[in-house]
Participant: 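Before we start, here is the structure in question, set down as structure tokens.
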Amino acid sequence: MSSRIFGSRIRRREDPRLITGSAVYTGDIELPGMVHAAMLRCGHAHARITRIATEQAEAAPGVVAVYTGVDTDGVLQPMPCAWLLPDAELKIAPYPCIAKDVVRYTGDVVAVVVAESAHEAYDALDLIEVDYEPLPAVIDPEEAARAGAPELHAKDINGDDISGNQAFHWTVAGGGDVELAFAEAEADGVVIKERILQQRLIPNAMETRGAVAQYNRATGELTLWNTTQNPHILRFLCSVVTGVPEDKLRVIAPEVGGGFGSKIAAYPADFVTVFCAMRLGRPVKWIESRSENYQATTHGRDHVQDVELAATKDGRITGLRCTVYAGMGAYLSTAAPGIPTILHGLMLSGCYTIPALKEDVYGVYTNGVPVEAYRGAGRPEATFILERLVDMLANRLGMDPADVRIKNFIPKFDDGHEVVTTLNYDSGDYPGALSKLLEHTGYRALRERQRAGPSNGKYMGLGLTSYVEICGLGPSQVAGAIGFQGGLWESAIVRFHPTGKVHVFIGASPHGQGEETTFAQIVASEIGVDVADVKIFHGDTDSTPMGWGTYGSRTTAVGGAALALAVRKIRDKAKVVAAHLLEASVEDMDYEDGKFFVKGSPDRAKTIQDVALMANVAWTLPEGVEAGLEATTFYDPPNFVFPYGAHLAVVEVDARTGHVELTGYTALDDCGPQINPTIVEGQVHGGVVQGVGQALWEGAAYDESGQLVTGSMLDYALPRADQLPDLDVISTVTPSPHHPLGVKGVGEAGTIASTAAVYNAVMDALRPLGVTRVDMPLTPERVWRAIQEAQGS
Amino acid sequence: MFAADFDYYRAGSVAEAGQLLAQHPGAKLLAGGHSLIPLLKLRLAVPPALIDIGRVAELRDIALEGGGLRIGALATHAEIARSDAVREHAAALAEAAGQIGDPAVRNRGTIGGNVAHADPASDLPAVLVALGATLAVTGQGGERSIDAGDFFTGVMMTSLGEDELLTSVRIPSAAGRGTAYVKFSHPASRYAVIGVAASVALDAGPGESVCTDASVAIGGLVPGPVRCSAVEEALKGRAPSGEALAAAAAAVAQDLGGDLLGDVFASADYRGAVAPVYVERAIAAAAGRATQA
């Protein structure tokens with residue numbers, strides 16, 4: 001059993017508590033004497049505060065205190081930005097926890113009410129009087145970068161001028177002369193140009209954000225329960241902002257109900273909650289409402305892209321040139337500068353051999369909610385560029401989109417391939433993945449069916465994506481070089497108890513991905529214990545070792561490696577102890593399935609449980625061997641990992657109404673060996689659906705004054721099960737050559753691939769009608785209008 | 001996030017609900033709560049009191065009565081969608097009820113609450129108008145019956161009096177006719193961007209069947225459900241298919257008039273332009289069922 005536990009579809013151990021409502025989230029934390037905070041959000045996209053009067057709110061029933069920026073100024077330090085993008089003229093604007101003078105997006109906090117109950121706190125919000133002098137607002141990042149646009153910030157934190165709302169200008173260039181490639185293509189080849197709007201998305205984790213802060217005035221110790229994806233990073237940031245030293249700060253991420261990137265950042269409201277707890281000496285709870293979540297928790301994407309592809313007349317890509325305006329929102333969120341740059345631009349070679357490329361990314365302040373990582377984080381925006389352009393190239397040349405891909409793929413490689421952006425991909429077989437997908441789906445036959453023409457006014461379309469993503473972030477040396485203000489290694493402590501039961505403490509912080517299950521599978525498969533005998537601890541900075549968080553599909557890739565290596569250390573020590581117990585020499589020992597024995601004598605074995613008992617009681621141990629059976633590892637990956645795959649979407653477009661129906665979807669993903677295929681498939685399902693959401697339904701819409709029009713789930717359309725076909729999920733297995741388990745990561749794969757696949761499918765369906773582009777989301781009206789326009793009405 | 005304070009009363013019977021309503025001016029009736037509770041939480045409604053009628057057993061029944069259906073105001077959308085009697089005698093209503101919101105909404109939301117709330121994007125009003133339903137109400141002034149066509153008077157406005165309680169919906173049997181509901185659902189709210197209900201009678205003679213009588217209503221485009229008399233007129237004596245049907249469906253523009261609702265998802269222009277497609281599809285679906293009958 002144990003040797004086969006790796007790769008087994010055991011059920012997620014997290015699920016019983018989650019589906020019976022017995023999990024404990026931040027909102028479930030109750031402490032004696034606890035009071036409740038409510039944040040007053042300004043509701044203006046851009047305005048000057050001229051007066052705040054809190055007296056009425058202070059006198060309201062149950063109210064304990066009301067604080068404004070005057071109270072927190074100088075006590076709470078400005079919100080830190082933790083990704084200091086080098087060589088990019090990065091200008092970090094001051095980001096106060098509570099706005100005192102100017103508000104720059106509707107979610108800016110201007111006051112906090114603390115009351116005996118949450119209800120009373122919210123009631124009192126209405127009693128705070130704030131006078132605003134409205135200022136002009138700008139939401140579109142390209143518009144914000146234009147001369148004459150409303151300016152959000154005059155100076156950055158160093159006192160340098162910020163002009164044109166530009167937060168940074170980052171460039172990636174590689175390979176040959178890109179200008180020459182385009183000149184040649186103009187003269188004797190093909191140039192494809194496209195404008196792509198990667199619309200703003202709202203992450204919509206099922207659990208909104210929240211915090212509970214408890215401060216002990218006698219000891220100076222602070223405990224912060226928080227809906228975070230990375231408690232150790234939050235501990236550090238909380239220390240910077242609140243001044244509580246790291247050793248007196250404990251951050252607990254209890255059950256966290258999804259994040260999709262929106263719970264990476266630290267937020268002003270978290271530290272305002274801490275401020276209240278410290279000021280009042282009582283525990284304070286703050287839980288975000290869903291409306292507040294839409295207005296104040298980070299959004300994703302928001303790119304305006306002008307992209308160009310140069311190619312030869314026979315369909316070989318010769319160059320790629322992109323200009324991107326990336327909306328950053330009103331302030332730079334914790335990791336924001338790295339998302340549209342490092343995680344985006346460096347992946348612009350995709351699965352293809354691109355001899356020359358250049359991208360300019362302008363990070364722009366706008367009066368929107370700050371933009372951060374959102375599932376895929378930069379990579380969907382890169383994949384979309386390539387996959388759209390490749391399809392357009394195919395159309396221009398009259399080739400099948402699959403054939404253009406095959407023509408330009410990087411050939412199969414097992415151990416490293418450096419692309420033009422200098423990344424060294426670990427392993428991949430992009431042609432193999434696409435051929436398997438085409439064969440599995442009967443792609444050529446589907447094309448035949450499509451050639452039969454529309455039926456009942458419904459047009460069929462096929463859309464492909466071939467993608468490669470960068471996961472397993474990452475070597476810490478690289479993290480330093482790219483300005484990430486932390487390391488990117490992971491650690492694990494594995495502790496055997498006398499009865500052979502195992503406790504594992506990890507720094508990573510799973511919040512829905514099922515790693516309590518997969519990590520137990522790693523331990524069980526590495527040392528032959530029953531998977532039920534392994535308990536995984538995470539999400540508490542006091543009891544777990546340092547970790548850099550769960551995001552970027554890195555937890556299994558990096559944390560899983562740390563864990564496997566820790567267990568292997570234990571196996572090595574156990575072998576020494578077993579040899580001693582068997583009165584044999586270590587060199588003669590063999591190991592299999594949790595048993596240590598002298599080579600050739602498997603029936604006279606010591607089990608890992610025997611060894612655990614002896615190591616713990618320590619009655620007889622080999623000389624120089626310490627008591628106990630425990631190991632700690634810090635794993636700093638030598639390189640990133642690069643999962644990849646190919647997806648096919650099939651749609652039907654009702655030309656009379658513009659309705660798009662996704663009628664079929666097949667995902668082929670290669671994330672290396674799968675520890676638990678059911679969990680892998682679940683990740684692919686969720687990821688694909690979120691990407692489909694971007695293509696068809698989702699989009700944060702603002703009006704001209706900067707008000708979020710899609711401010712609730714009544715208006716913001718999340719995907720629902722009844723809108724989706726059965727997802728066909730298949731895989732290939734290409735181990736990473738540099739990873740102890742060969743695994744790569746799969747959390748974001750679906751999202752990275754599916755938006756472009758669905759978009760391509762819809763454009764493919766609309767080709768006979770003369771439509772070539774429609775902005776996402778592809779709502780019925782937008783599709784219908786494009787058809788009307790193309791039909792020349 | 002939190003409703004403003006209100007008093008709460010639970011009625012044990014229709015009579016008691018009536019008394020409570022009379023005693024507490026401005027009070028709101030609480031049934032499934034799926035329209036009211038969101039309004040309370042957003043504080044768009046701040047009633048002094050709620051009168052919970054959710055446990056008044058006499059309002060739950062779905063029954064055949066006098067050749068038609070009597071559906072108690074507390075019947076849930078899910079109960080209506082799966083009721084054999086409703087499916088047989090008012091297929092369009094079962095079809096519409098089965099498309100409201102999602103399963104959780106359908107399991108709690110009630111026909112009475114839905115109708116009394118009178119959201120212009122609601123599915124049921126158009127169906128009740130097309131099926132010629134009457135609404136039984138009771139109040140201090142006694143009982144009365146209101147035609148569905150007269151009940152809806154504007155955005156979230158009805159002819160229900162302050163002290164009146166909707167007790168049941170009565171629908172004449174559509175036996176022999178075909179009825180259908182076709183909906184363009186908003187992907188987020190699941191309300192009807194466009195919802196069309198049709199009830200069609202065909203002649204039973206030889207040759208191509210023609211429409212002898214049609215009743216069509218559309219919801220979602222103007223503040224209340226609209227009876228499509230121009231469409232009905234154009235359909236009479238014509239085959240409910242092909243060009244005749246398309247021409248009849250196009251007449252919905254006359255029925256709707258010029259002032260249509262629109263939003264960020266679907267503009268008024270677009271709704272008006274594609275409305276005939278949905279009218280056409282609803283009539284075709286209804287006619288298909290009439291032929292089978």
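Each chain gets a letter, A, B and so on, in the order the sequences are listed, and its residues count up from 1. Side-chain atoms are counted along with the backbone in the values below, which use heavy atoms only and exclude waters and symmetry mates.
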Participant: Where does A:Glu292 contact chain B at under 4.5 Å (heavy atoms): side chain, backbone, both or neither?
Facilitator: neither
Participant: Measuring only between side-chain heavy atoms, which start at C-beta, is A:Leu125 closer than 4.5 Å to B:Met1?
Facilitator: no
Participant: So which heavy atom on A:Gln723 is nearest to which on B:Pro187, and how close?
Facilitator: NE2-CB, 3.9 Å
Participant: Determine the minimum heavy-atom distance between B:His186 and A:Asp715, stating which atoms define it.
Facilitator: CE1-O, 4.1 Å
Participant: Please flag which part of B:Arg271 lies under 4.5 Å from any non-hydrogen atom of chain A: side chain, backbone, both or neither.
Facilitator: neither
Participant: Pick one of side chain, backbone, both or neither for A:Ala38, based on which atoms fall under 4.5 Å of a heavy atom in chain B.
Facilitator: neither
Participant: Grab the two heavy atoms, one from B:Ala266 and one from A:Glu781, that are nearest each other, plus how far apart they are.
Facilitator: CA-OE1, 3.1 Å
Participant: Inspect the surroundings of CZ in B:Arg227 and state if more than 12 heavy atoms from other residues, nucleotides or ligands are less than 6.0 Å away.
Facilitator: yes
Participant: Side chain, backbone, both or neither: which part of A:Arg782 has a heavy atom under 4.5 Å from chain B?
Facilitator: neither
Participant: Side chain, backbone, both or neither: which part of A:Asp703 has an atom under 4.5 Å from a heavy atom of chain B?
Facilitator: neither
Participant: So do A:Arg290 and B:Lys41 actually touch side chain to side chain, heavy atoms under 4.5 Å?
Facilitator: no
Participant: Heavy atoms only, distances under 4.5 angstrom: which of A:Arg720, A:Met713, A:His659 has the most pairs with chain B? Name it, please.
Facilitator: A:Arg720
Participant: Need one label for A:Glu120: side chain, backbone, both or neither, based on atoms under 4.5 Å from any heavy atom in chain B.
Facilitator: neither
Participant: Heavy-atom distance under 4.5 Å to chain B: side chain of A:Pro780, backbone, both or neither?
Facilitator: both
Participant: Looking at A:Asp123, A:Thr779, A:Thr710, which has the largest count of heavy-atom pairs under 4.5 Å with chain B?
Facilitator: A:Asp123
Participant: Among A:Leu714, A:Leu718, A:Asp722, which residue forms the greatest number of heavy-atom pairs with chain B at distances under 4.5 Å?
Facilitator: A:Leu714
Participant: If we ignore angles and hydrogens, is there a donor and acceptor under 3.5 Å between the side chains of B:Arg281 and A:Thr657?
Facilitator: no
